[in-house]
Amino acid sequence: MITFAPGPSKVYDKLPQYMQEAYQQGILSANHRSAVFMNLYQETETLMKEKLHLPEGYRLLFTSSATESWEIISQSIVQSSSYHIFSGSFGKKWFNYAKHIAPTSFAHIIAAEDTIDIEGLQIGENFDLIAITQNETSNATQVSNASIAAIANKYPEKMIAVDTTSSMAGIELDFKLVDIWYASVQKCFGLPAGLGVLLVSPKAIAKAKDKGETGRYNSLNFMLENAQTYQTHYTPNVFAIYLLKRVLQDMQEIQHVDRITRERMRKLEDAIANTTKFRLLIQNPEARSSTVLAVTGREEFISQIKKNAEKEGMQLGSGYGPLKPSSFRIANFPAITDQEMERLITFLKTY
Ligand SMILES: *Cc1c(COP(=O)(O)O)cnc(C)c1O
């Protein structure tokens, strides 16, 4: 059975080899204050720079999940409140976590079909951070690098944090545009769940210092202090970090991955456009995601196609939240091979 669910998603076929290597190299018992771990951390950060084009000066931090990053940002960086622009369930969840810590945070909800109206944006002085869900996995929409750049350009004095949980390592992101980016590894990194990555610029680090929040186990200042010497503030998931390093080592540079991701998405979209029973959930190509496709149709057809796909050894992703009965989703993540995607496309074409 191969899964096309957008997280947890299909892991890389080379995972058994990477896991074996981790064991054989003795890394699984390595102390996190030892040179072995410090080298692993440093190598992983260097690979993020080489393969994903993370700019110089940005730091890689390890978390347990993207959810943890939601909390870290509000707790350790936001000084008064955050302004959240979103169209779907993950953006909404982030806002709810933020509100719990900074109650005056604001939700600017847009329609899934719409791109952000940047000219019309009016974000007051009481908001020191803008929160953007770059790839909204629930409704398969995305915010372009150009939109992020325009928002950053309009509000140079505000910090911007971007959720790229289901796009980082699948498409090219222009990290230098803004200061905070995060993801977790069970999506485009093709790894088992349980590790998150948080990327922060020198400006974000300075803002955290200025806020001075400390004392919690995941206070950003505490994490950064340890990261200075490539250590972590608690005994980390060394196994998962090793697997992340190996995936980064073996992946092509992100501009190549990006091209393949976009080409494959075009083929998938064409296949759906040519069916009689289904259509793309998002009609606006400017708003549509490159890494996750959502397909809508009558409820009976949705449940039928999911069952038939299973019979063929393929698991489609269910719709998310309120979209569960009326849609299904397909992950277009790098760990899925071209051959597997071709098989799915051939199957979709029978509808
Ligand atoms: C999956 C996902 C999350 C949550 O990730 P966890 O690792 O479960 O915390 C957050 N945001 C987006 C956009 C996601 O796709």
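All ligand and atom numbering here is 1-based and tracks the order in the structure. Along the sequence shown, residues carry numbers from 1.
- When hydrophobic clusters are built by joining Ile, Leu, Val, Met, Phe, Trp and Tyr residues whose side-chain heavy atoms come closer than 4.5 Å, directly or via intermediates, Leu173 is grouped together with Leu248.
- Residue Lys187 places a heavy atom less than 4.0 Å from ligand 1.
- Inclusion of Thr67 in the set of residues having an N or O under 3.5 Å from an N or O of ligand 1 is warranted.
- At under 3.5 Å, a nitrogen or oxygen of Thr137, whether backbone or side chain, sits near a nitrogen or oxygen of ligand 1.
- Checked by distance only, ligand 1 and Thr133 stay at 3.5 Å or farther apart across all their nitrogen or oxygen atoms.
- For Arg246, the salt bridge (Lys or Arg N to Asp or Glu O under 4.0 Å) partners at least two apart in sequence or on another chain are Glu21, Asp250.
- For the ligand labelled ligand 1, residue Trp70 lies inside the 4.0 Å heavy-atom shell.
- Remark: Arg288 engages Glu269 in a salt bridge, criterion side-chain N to carboxylate O under 4.0 Å.
- Under 4.0 angstrom from ligand 1, there are no non-hydrogen atoms of Glu68.
- The protein heavy-atom contact nearest to atom 8 (O) of ligand 1 is Gln186 NE2, 3.7 Å.
- The closest approach between Lys93 and ligand 1 stays at or above 4.0 Å for every heavy atom of the residue.
- The pair Asp338-Arg264 meets the salt-bridge criterion, since a charged nitrogen lies less than 4.0 angstrom from a carboxylate oxygen.
- Aromatic ring centres of Tyr242 and Tyr18 lie farther apart than the 6.0 Å criterion allows.
- Every atom of ligand 1 with a heavy atom of Ser65 under 4.0 Å away is listed here by number and element: 6 (P), 7 (O), 9 (O).
- The N/O atoms of Ala66, backbone and side chain alike, include one that comes under 3.5 Å of an N/O atom in ligand 1.
- The salt bridge (Lys or Arg N to Asp or Glu O under 4.0 Å) search around Arg259 returns Glu263, not counting sequence neighbours.
- Surrounding NZ of Lys267 are at most 12 heavy atoms belonging to other residues, nucleotides or ligands under 6.0 Å away.
- Ligand-side atoms of ligand 1 in range of Asn135: 13 (C), range being under 4.0 angstrom from any heavy atom.
- For Trp181 and Phe175, the ring centers are positioned less than 6.0 Å apart.
- Outside the 6.0 Å centre-distance limit, the rings of Phe95 and Trp70 are not counted as a close aromatic pair.
- Against a heavy-atom cut-off of under 4.0 Å, Ser184 is close to the following atoms of ligand 1: 5 (O), 6 (P), 7 (O).
- Nearest protein heavy-atom contact of atom 11 (N) of ligand 1 is Asp163 OD2, 2.8 Å.
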